Amino acid sequence: MTLQQILLKYWGYPTFRTLQEEIIRSVLNGNDTLALLPTGGGKSLTFQVPALAQDGLCLVISPLISLMKDQVDHLKKRGIKAGAIYSGMHADEVDLVINNSRNGENKLLYVSPERLGMTKFRDALRKMKVSLIAVDEAHCISQWGYDFRPPYLRIAEIREHLPGVPLLALTATATPRVIEDIQDKLSFRRKNVFRKSFERKNLTYFVFEEEDKNRRILNIIQRVKGPGIIYARNRKQTKEIAGFLEKQKIRATYYHAGLGFRERTKNQNAWMTEEKPVMVATNAFGMGIDKPNVRFVIHVDLPDSLEAYFQEAGRAGRDEKRSYAVLLYEKSDILDAKRLLEIGYPEISVIRAVYQSLGNYFRLPLGSGRDASFSFDLGDFCKACHNKFSSAVAFNSLKLLEKEGYLLLGEAVHTPSRIFIKADSETLYRFQVEQAFYDPFLKVILRSYSGVFSEFVTVSEEEIARRSGLTPDKVTEMLTKLQKLGILDYLPRTESPQLTYIEDRVDAKDVILSAATYKDRMREAAARLEAVIGYAASKNTCRSQALLAYFGEYEAARCGKCDVCIDRNKAELSELEMNAILDRIKPLLRSKPCTLEEMVAAAGPVAEDKVLHAIRWLTDTGKIKISGSNQYTWG
């Protein structure tokens, strides 16, 4: 099949989006390729289509379990065989996925970067026919990126075992420095970047310094019709803002990682179906959500970085219709953000104490634990430590240990119950004859679920209970007994975050945090926060231009629609005229105070009335200051 036929057959699209086909042809020609496509730009198709267009397997390296699971589920629904390996899976489950990938049954295999360091996986990888390596969220490989993850550095190592296999790196947010670093760290044979402009012409950016944020939110929702997302920094805020909106007759719901799976799913579905068109959420919400008609995204707190802001704001207007990204802040938010930055980097002695307590919490002996995964509840851990650490200090310590490669703290992901009948058909038949008590129960499972002999299959204890006339608790008991008898493997559902030890546990005093992980990362985080503060506080640069310049696009025109542009438009000047005036009077005012007449004379060929319009606007917006003696200075 041609590329277009594959696209139409499996996805139903008649044509590719901008740059998609060029990226696909680049990797099919054997070229290492870096693709920068904005949020919603169709990154996944650029490796899924070539996976189907050639023999062999596409190895996809992704940092988020939830995204892996979502993509595998979507591929299977389209009739494409795919598998994923992530922390928390049963060893037999991992073996099945590996065998299916080695035998050519899977076309795509999703793994976390941590898996690449495991000897067993590397040995299995050598026996797989890999046609393409795809690295999602590729900015994670750069220590200059906003989400550095050391295990990404192992990707270059596996390339040695897969000579000649091209690599496709994908990201939605990368500065020029990070673009270079990605290609270097992934051992690109030659530089090769496909970059779609980050400009979103249909998305208008606004920043408001606002004390009464609820009033402003309400005003925006009433004026902008359609579904939207409101991002808040903490869980308490999400519930409070949603409650406020409900009282104002706005149908709203909320979402954060602390909610149970069923409530998260219920609230997300209510938003997707627009039963509740406004979602108030922490940044745990949005990854993998495909809703094209989001009309607004509001941030009620300063984000940690412009990369994160751009990605979250970019969830608005994927249908190319006019949409809005609004940032609300007040002066105290800047102080709060700086305080949170400090909390994000506890003293090294505290980090070592958290590591020591973690090993004791899991009762893990020194010298053991490599690749071991545990269900992890941060609140329970802090309680077990007699609240020696606050949850914020413990969490940030664990994230720094993660950046140094000691462990991985995964996100909370709902994993449904799964079963796999490992007894062959003859053994199972004999068991059913000899153990008649279990026969009706096993027949219900065999009638209800296909494929249980070849792979782990998702099951519902409630559904089995309904069909067998048992209670869900009794179903769980029966499945557990059958597992003990060696008939099947039963993995009960879980939704706890998984904590995985990347290396064996060491003595806390031997925990080393390099300068790159601690001081350098703290400086980088501080610089990213200053960029956010600068963006919010600026009143003289078009919002779109400011964001694009941050990502290395310096030639963009003013959007003409953001809060800064609207203010400038009040001066009734074209961009060319305003820039000509600024080029003349700004250097003058920076060198010395001037009178109005001196500024008009310095503006040269520009008409006097236009110069006066510009000066009035610059004074109104605080860019020019005027003293009691009618002397002007640059503000």
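Keep in mind the model is a prediction, meaning the values are calculated, not measured.
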Please check if the number of heavy atoms outside Gln5 that lie under 6.0 Å from its CD is greater than 12. yes
Are Glu320 and Lys201 within salt-bridge range, i.e. N to O under 4.0 Å? no
So which atom in Leu96 and which in Glu455 form the shortest heavy-atom distance, rounded to 0.1 Å? CD1-CA, 3.7 Å
Decide, yes or no, whether a salt bridge links Arg467 with Glu463 under the criterion of side-chain N to carboxylate O below 4.0 Å. yes
With side chain to side chain contact (heavy atoms under 4.5 Å, CB included) as the test, would you mind laying out the steps for Leu442 and Leu428 before giving the verdict? CA-CA 9 Å; Leu442 284 164; Leu428 181 64; 4.0 Å; yes
Nearest heavy-atom neighbours spanning Phe456 and Asp92: CE1-C, 3.6 Å
Is the closest side-chain donor-acceptor distance between Gln432 and Tyr438 under 3.5 Å? no
I want to check something: taking the side chain as every heavy atom from C-beta on, are Tyr449 and Val459 in contact at a cut-off of under 4.5 Å? yes
State whether the side chain of Lys107 and the backbone N or O of Gly56 hold a donor-acceptor pair below 3.5 Å, judged by distance alone. yes
Evaluation steps, side chain to side chain contact (heavy atoms under 4.5 Å, CB included), between Leu132 and Phe47: CA-CA 8 Å; Leu132 174 64; Phe47 59 82; 4.1 Å; yes
Do Thr500 and Asp371 get their side chains close enough for a donor-acceptor pair, meaning under 3.5 Å? no
Scanning both residues in full, the closest heavy-atom pair of Ile182 with Ala138 reads CG1-O, 3.7 Å
Under a plain distance cut-off of 3.5 Å, with no hydrogens placed, do His139 and Glu307 share a side-chain donor-acceptor pair? no
What I want to find out is whether Glu114 reaches Arg154 closely enough, with some N-O distance under 4.0 Å, to be called a salt bridge. no
Glu275/Lys266 salt bridge by N-O under 4.0 Å criterion: no
Are Asn293 and Glu274 linked by a side-chain donor-acceptor pair shorter than 3.5 Å? yes
Asp377 side chain to Gly379 main-chain N or O, any donor-acceptor pair under 3.5 Å? yes
On a heavy-atom basis, which atom in Ala281 and which in Thr238 lie closest, and how many Å separate them? C-CG2, 3.6 Å
N-O pairing of Arg102 and Asp95 below 4.0 Å: no
What is the distance from atom OH of Tyr86 to atom CE of Met68, rounded to the nearest 0.5 Å? 8.5 Å
Is the gap between the ring centers of Tyr255 and Trp271 under 6.0 Å? no
Thr476 side-chain N/O to Pro472 backbone N/O, donor-acceptor pair under 3.5 Å: yes
Please list, chain by chain and in numerical order, all residues satisfying side-chain contact (heavy atoms from CB on, under 4.5 Å) with Leu19, sequence neighbours excluded. Glu22, Ile23, Leu37, Phe194, Lys196
Closest non-hydrogen atom pair, Leu407 against Leu398: CD1-O, 3.5 Å
If you count heavy atoms of other groups shown closer than 6.0 angstrom to CG of Asp55, is the number above 12? no
State whether the side chain of Arg200 and the backbone N or O of Gly314 hold a donor-acceptor pair below 3.5 Å, judged by distance alone. yes
Working to the nearest 0.5 angstrom, can you tell me the gap between Thr458 OG1 and Leu491 CG? 10.0 Å
For Lys76, check side chain to side chain donor-acceptor pair (under 3.5 Å) against everything at least two apart and list the hits. none
Would you say the side-chain atoms of Thr33 pair up with the backbone N or O of Asn31, donor to acceptor, closer than 3.5 Å? yes
Please evaluate residues Glu105 and Lys129 with respect to the criterion salt bridge (Lys or Arg N to Asp or Glu O under 4.0 Å), reporting the C-alpha separation (whole Å), side-chain torsions for both, the decisive distance (0.1 Å), and the verdict. CA-CA 11 Å; Glu105 292 184 39; Lys129 185 180 179 182; over 6 Å; no
Does a donor on one side chain sit under 3.5 Å from an acceptor on the other, for Arg295 and Ser323? yes
Count the heavy atoms of every other residue, nucleotide or ligand shown that sit under 6.0 Å from CZ of Phe395, and state whether that count exceeds 12. no
The test is side chain to side chain contact (heavy atoms under 4.5 Å, CB included); show your working for Tyr309 and His299 and say whether it passes. CA-CA 8 Å; Tyr309 178 70; His299 283 73; 3.4 Å; yes
About how many Å separate CZ of Arg159 and OG of Ser187, when rounded to the nearest 0.5 Å? 6.5 Å
Evaluation steps, side chain to side chain contact (heavy atoms under 4.5 Å, CB included), between Leu116 and Ile155: CA-CA 7 Å; Leu116 304 179; Ile155 298 171; 3.5 Å; yes
Heavy-atom count check: over 12 atoms from other residues, nucleotides or ligands less than 6.0 Å from Lys239 NZ? no
In plain terms, say whether Arg149 and Glu137 are close enough for a salt bridge, that is, a side-chain N and a carboxylate O under 4.0 Å apart. no
Does the side chain of Tyr231 come under 3.5 Å of the side chain of Gln237 through a donor N or O and an acceptor N or O? no
Do you know the tightest heavy-atom contact between Ile6 and Trp11? O-CE3, 3.9 Å
If only atom types and distance count, is the side chain of Glu263 paired as donor or acceptor with the main-chain N or O of Gly260 below 3.5 Å? no
Could you state the interatomic distance from NZ (Lys276) to CD (Glu246), rounded to the nearest 0.5 Å? 4.5 Å
Measure from the side-chain N and O atoms of Arg418 to the backbone N and O of Pro416, and report whether any donor-acceptor pair falls under 3.5 Å. yes
So, Asp73 and Lys69, do they make that salt bridge, N to O below 4.0 Å? no
Check: Tyr324 ring centre within less than 6.0 Å of Phe296 ring centre: no
Quick check: does any side chain N or O of Asn29 sit under 3.5 Å from a backbone N or O of Arg25, one acting as donor and the other as acceptor? yes
Between Glu461 and Val475 (side chain of the first, backbone of the second, donor and acceptor by atom type, cut-off under 3.5 Å), is there such a pair? no
From the options Leu162, Ile158, Ile133, select the one residue that forms a side-chain contact (heavy atoms from CB on, under 4.5 Å) with Leu167. Ile133
Would you please classify the geometry between the Phe198 ring and the Phe310 ring as parallel, tilted or perpendicular, with 30° and 60° separating the classes? tilted
State which residue, out of Arg315, Gln268, Glu312, fulfils the side-chain contact (heavy atoms from CB on, under 4.5 Å) condition with Phe285. Gln268
What's the spacing between Asn202 CG and Arg322 CZ if we round to 0.5 Å? 9.5 Å
Rounded distance (nearest 0.5 Å) linking atom CG of Leu75 with atom CG of Leu52: 8.0 Å
Could you tell me whether the side chain of Asp32 and the main chain of Pro166 form a donor-acceptor pair under 3.5 Å? no
Yes or no on salt bridge (Lys or Arg N to Asp or Glu O under 4.0 Å) for Glu462 and Arg466, after CA distance, side-chain angles and deciding distance? CA-CA 6 Å; Glu462 290 77 9; Arg466 188 181 63 79; over 6 Å; no
Quiz question: by atom type and distance under 3.5 Å, do the side chains of Asp424 and Thr427 form a donor-acceptor pair? yes
Do other residues, nucleotides or ligands put more than 12 heavy atoms under 6.0 Å from the NZ atom of Lys9? no
